[in-house]
Amino acid sequence: MSETATEISIFERIGGAVTLDRLVEAFYGHMDKLPEAKKIRDMHDFDLGPVKVVLKRYLSEWTGGPKLYSPEKGHPRLRQRHMRFPIGNADRDAWLTCMRKALAETVADPAARAELDANMTKLADWMRNQADNPHDRGEARPT
Ligand code: HEM
């Protein structure tokens with residue numbers, strides 16, 4: 001997400017690390033329970049603890065807060081990190097269903113929520129790696 005000197009980061013607008021903690025807990029809580037998310041839940045380890053920590057760190061950096069991901073992990077290269085999981089349209093939709101529910105529960109500011117939703121939708125779309133996806137034909141990539 002871009003940010004100029006005069007702009008307040010999304011991280012600050014939503015309430016910082018406390019809100020991101022709640023968001024990620026709610027997100028994986030939905031993934032754990034929703035029947036439509038079972039397939040993507042099963043791609044993850046039984047213990048969601050470690051990936052929760054990583055997603056919180058990633059989102060901190062991605063929303064313009066403290067850079068907690070790349071000093072430890074290097075460039076996110078998220079799409080590459082997801083290549084070992086086959087992600088198609090239904091998987092993207094299941095991921096977004098969990099995330100949208102979590103956003104609705106934890107991000108109070110409607111404008112910030114809409115912005116996060118739009119950017120996460122782009123990212124989830126980009127994460128698809130099945131052969132028939134248009135971005136595999138060389139479209140511009142989001143960050
Ligand atoms: C579109 C559907 C998606 C699926 C099915 C999916 C699935 C997964 C799975 C299975 C893992 C590995 C978890 C583990 O090690 O137990 C993972 C890791 C991760 N995912 Fe996703 N993901 C999706 C989209 C996204 C999106 C949109 C984001 C960012 C907002 C994201 C951020 C991450 C991060 C930060 C990690 C940890 C990567 C690392 O180890 O550094 N994922 N994802």
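When a ligand or atom number is given, it counts from 1 through the structure's own listing order.
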Does the pair Ile14 and Leu20 meet the rule for a side chain to side chain contact (heavy atoms under 4.5 Å, CB included), with working shown?
CA-CA 8 Å; Ile14 65 174; Leu20 286 182; 3.7 Å; yes
Looking at [X], which atoms of ligand 1 are within less than 4.0 Å of one of its heavy atoms?
X	result
Tyr58	29 (C), 35 (C)
Val54	37 (C), 39 (C), 41 (O)
Lys73	39 (C), 40 (O), 41 (O)
Met43	5 (C), 10 (C)
Ile87	1 (C), 2 (C), 3 (C), 4 (C), 5 (C)
Arg92	1 (C)

For [atom], what's the nearest protein heavy atom and its distance?
atom	answer
atom 16 (O) of ligand 1	Asp45 N, 3.2 Å
atom 5 (C) of ligand 1	Ile40 CG2, 3.5 Å
atom 13 (C) of ligand 1	His44 CD2, 3.4 Å
atom 30 (C) of ligand 1	Leu123 CD2, 3.5 Å
atom 15 (O) of ligand 1	Arg84 NH2, 3.9 Å

Report whether [X] and [Y] are members of the same hydrophobic cluster (ILVMFWY, side-chain heavy atoms less than 4.5 Å apart, transitive linking).
X	Y	value
Val51	Leu123	yes
Val53	Leu59	no
Val24	Val54	yes

Got a salt bridge between Lys56 and Glu25, using NZ or NE/NH1/NH2 to carboxylate O under 4.0 Å?
yes
Under 4.0 Å between a side-chain nitrogen and a carboxylate oxygen: does that hold for Asp117 and Arg113?
no
Where Arg13 and Ile8 come nearest, the two heavy atoms and their spacing
CD-O, 3.6 Å
Donor-acceptor contact below 3.5 Å, side chain Asn119 vs main chain Leu116
no
Aromatic ring pairing His82/Phe85, orientation class (parallel under 30°, perpendicular over 60°, tilted between)
perpendicular
Please report the interatomic distance CG(Leu34) to CZ(Arg41), rounded to the nearest 0.5 Å.
12.5 Å
Count, excluding waters, the protein N, O or S atoms that are closer to atom 21 (Fe) of ligand 1 than 2.8 Å.
1
Is it true that the side chains of Thr121 and Arg100 contain a donor and an acceptor less than 3.5 Å apart?
yes
Heavy atom of Tyr69 under 4.0 Å from ligand 1?
yes
Could you pull out all donor-acceptor pairs under 3.5 Å where a side-chain atom in residues 64-71 meets a protein atom, sequence neighbours excluded?
{"from": "Tyr69", "atom 1": "OH", "to": "Arg81", "atom 2": "NE", "distance (Å)": "2.9"}
{"from": "Ser70", "atom 1": "OG", "to": "Glu61", "atom 2": "OE1", "distance (Å)": "3.4"}
{"from": "Ser70", "atom 1": "OG", "to": "Glu61", "atom 2": "OE2", "distance (Å)": "2.5"}

